[in-house]
Amino acid sequence: MPNITLPDGSVRRFEGAVTGTEVAAAIGPGLAKAALAMKVDGRAADLSRSIEADCRVVFVTRRDPEALEMIRHDTAHVLAEAVQSLYPGTQVTIGPSIENGFYYDFARNEPFRPEDFPAIEARMREIVARRAKFVREVWDRDAAIAFFAARGERYKAELIRDLPQSETITIYRQGEWLDLCRGPHMRDTGDIGGAFRLMKVAGAYWRGDHRNAMLTRIYGTAWRDQKELDAHLHQLEEAERRDHRRIGREMDLFHIQEEAVGSIFWHPKGWKLYRTVEEYMRRRLDASGYDEVRTPQLVDRSLWERSGHWEKYREHMFIATVEDEEKTLALKPMNCPCHVQIFRHGLRSYRELPMRMAEFGACHRYEPSGALHGIMRVRGFTQDDAHIFCTEAQIAGETARFVELLRSVYADFGYETFRVKFADRPDTRAGEDAVWDRAEAALREACAMAGVEYELNPGEGAFYGPKLEFVLRDAIGRDWQCGTLQVDFVLPERLDAEYVGEDSARHRPVMLHRAILGSFERFLGILIEQYAGRFPLWLAPVQVVVASIVSDAGEYAEQVAAALRAGGLEARADTRNEKINAKVREHSLAHVPVLAVVGRREAEQRSVALRRLGSDAQEVLGLAEAVALLKSEAEAPDVRRAGR
RNA sequence: GCCGGCGUAGCUCAGGGGUAGAGCAACUGAUUCGUAAUCAGUAGGUCCGCGGUUCAAUUCCGCGCGCCGGCACCA
């Protein structure tokens, strides 16, 4: 005799077990029609499940976030059925819902191609139109394994074999077709609707392990209705327009070419942007108690052997040799061992701690070819790197201090929110477990102190210590680690860093590896996408273009540009023999934030007509006044704060 | 690195076993114009590279390189 509590607090009493469908029907025909699934005491379940005990029930309708997930999951099942009916012999594996859609991994000798999509989609629509009921069945474990094995579904058989013994083995049928699945599902395939589309094919390793077979994955997107699908497709197009590779070319910021794969040719405008960011970071670090250093590019392999990098990362290091010398050198893949060398140079006292050693360190790593991506993932890059040498007791305070700086920097670049992940000990690591316990505990404590909320990223720490990852998102929705903070008890030991403590004895310092931007290249890529090339004035590589209307105003235009440059602004004159309309259009498309238009009138009055990007309003000011105004507007955020 | 796709002018793209095409950009000339494209003309190509098939390959086939999308990797 279950008492069922509904979200409005009302309680319904039933004589004996009832299904969700029956409960919904008892409440009203509207709900009976709209309910797709339910949550029993917070756990999602099929409407067909029977309820025997007292519980709280919430029905899931199409508008609920859970519904979207179910639509996607159900669509994945329909995709699998369609594929198996069209391509016999294809094995099914797994097919979850993901952000914006779903995928399904198939095992098939010949990978799918986008040309296969129309046929598959057509079959999927047939299956949806059939409105086949999703039917849940509980199977005996061994029977299930035998069943799938007999069908040649060895991946499914393996999945079931590896499920914990406590797990109930459930099968979902949709008409003739069935799949191993935890569920839940909606009522029938018709609930999916028609707002889905197959998007792309990709290879994917079975169980995400590169030693396993490569499966063929089909990605799709699915939504509640056509309008949502259209909006999503439109957003993808918009994202493509923001792509930093496209904007980099259009704005003439940088290029990459075959002779230097993974390294960037920065063009004048791109380098101007880079320098603006670098100078900003240098001011912030100077003001935050860091000391900047510079260390060698080429370092003998013996140092990398001592640090442990040679053993673990040798395959990913660029090695340099010279004919006359026997030495083997490596282009530095990171800066920390070099920074330890500076720390070790001379006897250190506890009074010097914490020592914050910063370097805009140019590093090279031989990244796998498939990992390269525009300027976001490259082989030659520069980190805004620093190492904080401190005592164990100083970890929490230094972490809090760092997070505060990072937040402020991100806010200055327009990022008010970002994600933080806590990556703990990986399987292969250096250092004793006891050391890891201390390092992880110290970092957790530091997060609490700094008020940092994080999600766990298990097993993803660096080989020498746990880390915080500060994650930003690009235009296409991909996440990139930018900032990081890593607690390291191992390297100081390996490279024998020590200081003299208050007790006159020698002690090991702790190292905090930390970066805010991560690499300039990656951060600039994300920044370009975030602003879609329309940078705020302080970052814009060309801040003002002075456009003359007639050739008589050409000389004055040059004077205006010179005056702006004298004021520290990046300004150029456009005195070409073009109509003002053409100039406005061109420089607007080039995302120049401010246009200063000058004709005969302005030349006579020694004034300028300012026009801001994104507005067609004109503001006529005297030249000196305009320079002062723009100069103040173009101040970097930290400079402005200091000036107040 | 693995799976799939792609590689034609500076850019965006069309084409196709036998003289390589457009728009924009560039260049030259005319035009001197008030806030998102003035007009006319000119020039521009190892059709990614190497090999093969063929009387003939940019086109078909193979290999390589690069790029794109995923997967794996990311000190």
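Basis for what follows: all heavy atoms, side chains included, without hydrogens, waters or symmetry-related copies. Keep in mind that this is a model prediction, so the values were computed, not measured. We name chains A, B, ... by the order of the sequence lines, and we start the count at 1 in each one.
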Legend entry - B/U32 OP1/OP2 closer than 4.0 Å to side-chain N/O of A/Arg600: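 For A/Arg600, the contact criterion (side-chain N or O under 4.0 Å from OP1 or OP2 of B/U32) is not met.
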Inset, instruction - For the side chain of A/Val550, starting at C-beta, report the closest nucleotide among B/U12, B/C33, B/U35. - result: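 Out of B/U12, B/C33, B/U35, the nucleotide with an atom closest to A/Val550's side chain is B/C33.
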Answer with base, sugar-phosphate or nothing: what part of the nucleic acid does [X] contact at a heavy-atom distance below 4.0 Å?
{"X": "A/Ile549", "answer": "base"}
{"X": "A/Arg249", "answer": "sugar-phosphate"}
{"X": "A/Lys467", "answer": "sugar-phosphate"}
{"X": "A/Ala609", "answer": "base"}
{"X": "A/Gln486", "answer": "sugar-phosphate"}
{"X": "A/Lys312", "answer": "nothing"}
{"X": "A/His373", "answer": "sugar-phosphate"}
{"X": "A/Leu589", "answer": "base"}

Legend entry - pair A/Ile94-A/Tyr103: side-chain heavy atoms closer than 4.5 Å: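 Result yes, sub-4.5 Å side-chain heavy-atom pair found.
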Legend entry - N/O donor-acceptor pair, side chain A/Arg365 with base B/C74, under 3.5 angstrom: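 A donor-acceptor contact between them is absent.
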Assigned partner base of [N], Watson-Crick or wobble definition, under 3.5 Å:
{"N": "B/C33", "answer": "none"}
{"N": "B/G1", "answer": "B/C71"}
{"N": "B/G41", "answer": "B/C27"}
{"N": "B/A22", "answer": "B/U12"}
{"N": "B/U53", "answer": "none"}
{"N": "B/U59", "answer": "none"}

Inset, instruction - Let me know, please, whether A/Ala462 or A/Arg576 comes out on the 5' side of the other along RNA chain B by nearest nucleotide. - result: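 Counting from the 5' end, the first nearest nucleotide belongs to A/Arg576.
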Legend entry - Protein-to-nucleotide contact annotation, 5' to 3' order, nucleotides 1-6 of chain B [B base; S sugar-phosphate only; - none; under 4.0 Å, heavy atom]: BBBSS-
Inset, instruction - Would you please indicate yes or no on a ring centroid separation below 6.0 angstrom for A/Phe102 and A/Tyr104? - result: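 No, the ring of A/Tyr104 stays outside the 6.0 Å limit from the ring of A/Phe102, centre to centre.
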Legend entry - Presence of salt bridge, A/Asp162 and A/Arg207, under 4.0 angstrom: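 Yes.
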Inset, instruction - Report yes or no: is the ring centroid of A/Tyr464 under 5.5 Å from the six-membered base ring centroid of B/A75, with the two planes under 30 degrees? - result: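 Aromatic stack with B/A75 absent for A/Tyr464.
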